[in-house]
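Worksheet for the structure shown next.
Just so we're clear, the structure is a prediction, and the values are computed from it rather than from any experiment.
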2 protein chains.
Amino acid sequence: MTRDGIDGEAPTLDQARRQVEHYGLEVDPQAVLVAVRLISAGARVGRAAEAHFARFGLSTGRYRLLADLEDHGGEKSPSRLAADLDVSRATITGLLDGLEREGLIARRPSTEDGRGTVAVLTARGAQRLRDMASEHFGRLEAMVGGLSIEERAVFLDLLARVVRGSAALAAD
Amino acid sequence: MTRDGIDGEAPTLDQARRQVEHYGLEVDPQAVLVAVRLISAGARVGRAAEAHFARFGLSTGRYRLLADLEDHGGEKSPSRLAADLDVSRATITGLLDGLEREGLIARRPSTEDGRGTVAVLTARGAQRLRDMASEHFGRLEAMVGGLSIEERAVFLDLLARVVRGSAALAAD
DNA sequence: AGGCAATAGTTAGCCCCCTAATCACCTTGG
DNA sequence: CCAAGGTGATTAGGGGGCTAACTATTGCCT
């Protein structure tokens, strides 16, 4: 498991230790390992999610947008979507373009703001969500099936704290 | 903290419950929440990492490649890099292109395989790693600073198991 | 009222990652 | 010994995300 070259994906404690020593730093190798594993895990999970949504002709971003729209009654402005999904407005434009091309959402001008637009979930979009719901949620559940209820609670807590800590990466 | 609209980023248990109910599924909302939070956290951390590496004129992928190269004595074939970093060979080609353009690595033809190339860490590349080491590792350490030693160990374990579970997303 | 900063949305250009297809070279087996 | 299949690397084309810059509209403030 700590072998080299075979699994080739998860960074090891040895690697972290070697690096820290190589530069003569006084940093805890385990802390580095946790950080590196999290970054690596994030990428892996992200790609798995992308493959998952591809089955339904969607991507992670497009699904999140659709689901958020539905949860909000089927209508929302792009700016609001950007804030709620925590991505840039430009990204929302791109996601809406794709979803509109497939007829899963529609854009209509805002009635109360001349600059504004509102994204509307179409019947087709709602249908797509319905069609995939069972398999989608089933797989999500299976993904965390290896953890007990208590472990899940602990994981949620730790994850939230590390995510908060990740601000330290980008700070300044 | 479970309020809506303010933090606008982390999905809530309420949302998960609403969705599951909406489709009349027998799925544990907490399990869904954990999965969704993980996916969302992965994206967030990934973007933070990208911003972090941008400070040094690198990206996550480029840094990982450089670090792996150094840890391996400064030389490795693209295929080997692809396997060890767990990305496609095409991605490695792109990363090497960028790094070569900046003079951080060089490509030279393999001596024992006419098809092969080997990526070599240049002095400039090694220097770049040295220059950023202190800040880089310091920030990584700060990122997980909110967790105690024991919590880090627990987190590593849970993370590994969830990542293993993420195969369930892409399976079939 | 008139000017000007703030906001909504889009566009353009960049990087990362992917898959599929291509070309070159290696290796094996009839 | 040479054809066929395998492997190394690249290219082409796609999607997602970002920032910065641009257009249009709003709304505040003097």
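OP1 or OP2 of D/dC18 sits under 4.0 Å from a side-chain N or O of A/Ser88. Distances shorter than 4.0 Å separate none of the side-chain N or O atoms of A/Ser59 from OP1 or OP2 on D/dG15. Listed pair A/Thr91 / D/dC18 meets the phosphate criterion, a side-chain N or O lying under 4.0 Å from OP1 or OP2.
Ion pairing between a basic and an acidic side chain is recognised when a charged N comes within 4.0 Å of a carboxylate O; B/Asp14 and B/Arg17 show such pairing. A salt bridge does not link A/Arg64 to A/Asp68: none of the charged side-chain nitrogens sits closer than 4.0 Å to a carboxylate oxygen. Using a 4.0 Å cut-off between charged nitrogen and carboxylate oxygen, A/Arg124 and A/Glu102 do not count as a salt-bridge pair.
For the pair A/Phe53 CZ and D/dG17 P, the interatomic distance rounds to 11 Å; values are reported in whole Å. The CG atom of A/Leu99 sits 12 Å away from the C1' atom of D/dG15 (whole-angstrom rounding). Going from atom CG of A/Leu65 over to atom P of D/dG15 covers 16 Å, rounded to whole Å.
B/Val118 belongs to a hydrophobic cluster with B/Val120, counting contacts under 4.5 Å between side-chain heavy atoms of Ile, Leu, Val, Met, Phe, Trp and Tyr, direct or through other members.
Evaluation of the side-chain hydrogen bond (donor to acceptor under 3.5 Å, both in side chains) rule for A/Arg107 yields A/Asp97, A/Glu100 as partners, not counting sequence neighbours. Among residues two or more places apart in sequence or in another chain, the ring-ring contact (aromatic ring centres under 6.0 Å, His included) test is passed with B/Phe53 by B/Tyr63, B/His136. In terms of the side-chain hydrogen bond (donor to acceptor under 3.5 Å, both in side chains) criterion, residue partners of B/Glu150 (sequence neighbours excluded) are, by chain and number, B/Ser148.
When DNA chain C is scanned 5' to 3' for any atom under 4.0 Å from a heavy atom of chain B, the first and last hits are C/dC16 to C/dC26.
Side-chain N or O atoms of B/Arg164 include none that pairs as donor or acceptor with a backbone N or O of A/Gly146 at under 3.5 Å.
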5' to 3', nucleotides 1-12 of chain D under a 4.0 Å protein heavy-atom cut-off (B base, S sugar-phosphate only, - none) gives -----BBSBBB-
